Amino acid sequence: MSKKFVMALDQGTTSCRAILFDKDSNIVGVAQKEFTQFYPKAGWVEHDAEEIWSTQFGVIAELIAKTQINPEDIASIGITNQRETTVVWDKNTGKPVYNAIVWQCRRTTAICDELKARGLEQTFRTKTGLVVDAYFSGTKVKWILDNVEGARERAEKGDLLFGTMDTWLIWKLTAGKVHVTDYSNASRTLMYNIRDLKWDTELLEALNVPASMLPEVRPSSEVYGCTAPDNFLGHAIPIAGVAGDQQAALFGQACYEPGMAKNTYGTGCFMLMNTGDKLFDSKNGLLTTIAWGLDGKVEYALEGSIFIAGAAIQWLRDGLKILEAAPDSEYFAGKVQDTDGVYMVPAFAGLGAPYWDMRARGAIVGLTRGTTKAHIIRATLESLAYQTKDVLGAMEADSEIKLQALKVDGGAVANNLLMQFQADILGVPVDRPQVIETTALGAAYLAGLAVGFWTSKEELAKRWKLDNRFENEMAEEKRAKLYGGWKRAVTRSMDWELED
Ligand SMILES: Nc1ncnc2c1ncn2[C@@H]1O[C@H](COP(=O)(O)OP(=O)(O)O)[C@@H](O)[C@H]1O
Ligand SMILES: O=P(O)(O)OC[C@H](O)CO
C-alpha cells in the first residue's frame, strides 16, 4: 500500500508541534503544546530536555489520535528544531546531566570574552562562519563540562554525549541507537568547520570539548534510522529529514536558488538568503551558515539572527500583562496612528545581527505623559519590523543583491498591521504564503524527498502559493525619519549590562 503522509516534528523554543502533511503538501492535522521556560538568573534561559521529549511524544500521540490515521501510512518523519540549544546526557543512563541551555541564554558571555582575549575571534569566524557569542552551542557545552560536578571526567571517559534538539529527539526516538545531526545544525555549534565539513580539532581544543561527545554529521535528507516501536506507538518509521528550524523554513519557502530569501517571525526573527555554493564572509554583521546538505553537496546561506521578536509580544502578554493573547496586539496597535515617538528595543537577550552586543538590554524610549498602552504595544510590534530592516540592509550590502520582495512566515505574520508596517519601513513588498508553517513544511519536504514520497525540489517549488502581498505605502522621507529614530533608540540599549 502506498504511503499517504509525512510527519514533521517542529521542536521550537516555546512549544513542540507535530504536523501531518499529505502528498499535496496540505496540512492534515496539527498538535502543539508549550513546555516550561526556566529563567534561573537574569539573562539565563533553560529547558528540561526530558520535558521536551515527553511533550514531543505527547503531541505525536495526540496528532495520531485526533486524525485517526494509521501510523503505517506515514512514509517518513522530518525533524526541525530550535537551533544551538545544548543538551549533554549520559549515554548509559540516557539522563541529561543538566538542563538544556537555550540559545537565548547569556551565561557564557565571560567565556566568549576570554576566547576573544586569546585572539581567537577571527579563527572561529573563518572556520565556522559565526561570531564568538553566547548564542552558539560551543561555549554552552564548555560551561556544562566546567560547572556540573563530575561532568568533565565522565565526558573524557566517553560516557557523555552532546546534542542539539534534533540529535536528542532522534536519540530518544531510536531508543538510544542513533547519535547524529545534520549539516545545518552542526553549522550552529561554533565547533564545526563549514569549509572542510568536519568537527574542528583546533576549535574543540580552544573550547576544551572532547570529540567523543559529538554526533555524526549527516546530510539533511536521508534515512538516519527508524523509530523504535516502543518510542513511536508501536511502529518503526524512517526518520529521514533534519534541518535547523530557520534552514527548514528556507527550504519550505522554496528558496532553492541563490539570492532567494525569507524571514521567519517566531520567538526570534531570522532572515536567511540562499547563496548556493558560495561562502560569503559578511562585512556587515551577518552569519554564514550551512543551509542544508542535499544531493551530495552542501549549500550555504547568509543569516541575520534577531533574538527577540514574537517573544517581545509574549512579554507584553506574560510579563507586563497588558495583552491577553498575542493576536490582540493588532487590535491595540491599530487604535493609534503611530507610536507618538515611542520606540521599544527588545534587547532582552542582548542584540544579535547586525550589532552582536551580548550586554545590550531592553529599552523603551521617547515616553511622554501622553504615552498609552496602545503606543507601547505598537512600538513593540514595530520593533520586529525595524530589526528586520537592520538585517535586510546588511544582507543587501553583503550580497549586493537588491531584494524585489521578502517572503515571510512564522506565527507573527498573521498580524496584518505588522506586515503592512514591515512593507512600509522596508520600502519592499512583503509576500506572505498560504502555508505559514513553512518550518514544518521544510522538514517534511526533506524527509519526503529521502524516501521518494516527493521526487524533486522543482516539484516542491511549484506548490508555493501567495496568500497576500503587502505593498509599501510610506513616503521615503517618513521612512527615513522613523528609521533614524530607531537607530538612536538602539544606541540607548547597547552596552548596558556591566556585570555578568
Ligand atoms: N497575531 C500575532 N501578532 C503578533 N505576534 C504574534 C501573533 N501570533 C503569534 N505571535 C507571536 O509569534 C510567536 C509564535 O510564533 P511561532 O512561529 O509559533 O514561534 P516559535 O516557533 O518560535 O515558537 C510568539 O512569540 C507570539 O508572541
Ligand atoms: O524557536 P524559534 O522558531 O524561535 O527558532 C529559534 C532559532 O532556531 C534559534 O537560532
Side-chain angles (χ1 to χ4, degrees), residues 8-17 19 30 32-35 37 45 47 52 55 80-86 100-105 130 133-137 140 164-166 184-185 187-190 243-250 252 262-272 287 289 301 303-319 323-334 346 348-349 352-353 377-378 380-385 408-422 432 435-443:
L9 308 182
D10 180 358
Q11 199 300 290
T13 308
T14 55
S15 73
C16 294
R17 288 191 187 85
I19 304 188
V30 183
Q32 174 172 9
K33 193 160 183 272
E34 295 203 357
F35 52 84
Q37 308 287 317
V45 191
H47 292 157
I52 286 187
T55 308
T80 182
N81 55 291
Q82 53 166 328
R83 306 165 305 167
E84 299 97 12
T85 297
T86 296
I101 302 185
V102 178
W103 59 275
Q104 294 161 324
C105 187
L130 309 175
D133 189 276
Y135 177 25
F136 305 104
S137 315
K140 300 181 195 292
T164 40
M165 286 301 136
D166 53 318
S184 71
N185 275 294
S187 75
R188 313 297 298 183
T189 59
L190 211 60
D245 55 9
Q246 303 310 323
Q247 288 93 332
L250 190 70
K262 67 87 204 180
N263 197 29
T264 302
Y265 301 68
T267 305
C269 203
F270 299 86
M271 191 186 296
L272 270 74
L287 307 174
T289 206
E303 172 172 326
S305 326
I306 296 164
F307 294 157
I308 302 289
I313 310 297
Q314 282 175 337
W315 174 73
L316 296 177
R317 185 192 67 186
D318 305 336
L323 284 178
E324 272 196 20
D328 297 347
S329 58
E330 184 164 358
Y331 166 77
F332 285 105
F348 302 154
I377 292 171
R378 188 174 180 113
T380 306
L381 262 186
E382 290 187 356
S383 74
L384 278 60
V408 298
D409 56 72
V413 304
N415 191 312
N416 290 320
L417 185 143
L418 169 64
M419 291 298 99
Q420 184 56 51
F421 186 76
Q422 184 69 86
R432 182 172 65 193
V435 178
I436 60 171
E437 293 278 7
T438 43
T439 300
L441 184 61

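On a predicted model such as this, the values are computed, not experimentally measured, just so you know. Order of listing sets the numbers, starting from 1, for every ligand and every atom in it.
- By the 3.5 Å distance cut-off applied to N or O atoms, Trp103 is not counted among the residues near ligand 2.
- When only modelled atom types and interatomic distance are considered, Asn81 and Thr164 share no side-chain donor-acceptor pair under 3.5 Å.
- Under a 4.0 angstrom heavy-atom cut-off, Gly12 registers as lying outside contact with ligand 1.
- Among Gln82, Glu84, Arg188, Gln246, the residue whose heavy atom lies nearest to atom 9 (C) of ligand 2 is Glu84.
- Interface atoms of ligand 1 facing Ile313, defined by a heavy-atom separation under 4.0 Å, are 5 (N), 27 (O).
- Summarising the contacts of atom 10 (N) of ligand 1 with Gly310, Cys16, Gly268, Ala326, the nearest heavy atom is found in Ala326.
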*Go through Asp409 and Thr264 one step at a time and tell me if the side chain to side chain donor-acceptor pair (under 3.5 Å) criterion holds.*
CA-CA 5 Å; Asp409 56 72; Thr264 302; 2.6 Å; yes
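- Taking every heavy atom of Ser329 and a limit of under 4.0 angstrom, the matching atoms of ligand 1 come to 3 (N), 4 (C).
- Using a 4.0 Å heavy-atom cutoff, Gln82 is absent from the residues neighbouring ligand 1.
- Compare Thr267, Thr80, Leu418 by their heavy atoms: the one nearest to atom 20 (P) of ligand 1 is in Thr267.
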*asked:* Is there a side-chain contact (heavy atoms from CB on, under 4.5 Å) between Gln246 and Thr289? Walk through the geometry before answering.
replied: CA-CA 11 Å; Gln246 303 310 323; Thr289 206; over 6 Å; no
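- For the pair Gly244 and ligand 2, no heavy-atom separation below 4.0 Å is found.
- Residue-to-ligand polar distances place Tyr135 within reach of ligand 2: an N/O pair is separated by less than 3.5 Å.
- Considering only heavy atoms from C-beta on, Ser305 comes within 4.5 Å of Tyr135 through its side chain.
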*asked:* Could you walk me through whether Ser137 and Arg188 satisfy the side chain to side chain donor-acceptor pair (under 3.5 Å) test, starting with their C-alpha distance in whole Å, then the side-chain angles of each, then the deciding distance to 0.1 Å, before giving a yes or no?
replied: CA-CA 7 Å; Ser137 315; Arg188 313 297 298 183; over 6 Å; no
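- A donor-acceptor pair is defined here as one N or O able to donate and one able to accept, closer than 3.5 Å; no such pair exists between the side chain of Gln247 and the backbone of Asn185.
- For ligand 1, the atoms sitting less than 4.0 Å from at least one non-hydrogen atom of Ala311 are 25 (O), numbered in the order shown with element in parentheses.
- Not a single heavy atom of Glu330 sits under 4.0 Å from any atom of ligand 1.
- For Ala412 against Leu418, the heavy-atom pair with the smallest separation is O-CD2, 3.7 Å.
- Of the possible polar contacts, none joining the Gln11 side chain to the Cys16 backbone as a donor-acceptor pair under 3.5 Å is found.
- Compare Arg17, Gln314, Met419, Gln32 by their heavy atoms: the one nearest to atom 21 (O) of ligand 1 is in Arg17.
- Using modelled atom types, one side-chain atom of Ser184 and one backbone atom of Gly244 make a donor-acceptor pair closer than 3.5 Å.
- Residue Thr267 touches ligand 2 through backbone and side chain together, judged by heavy-atom distances below 4.0 Å.
- Atoms of ligand 1 found under 4.0 Å from any heavy atom of Thr14 (numbered from 1 in listed order, with element): 23 (O).
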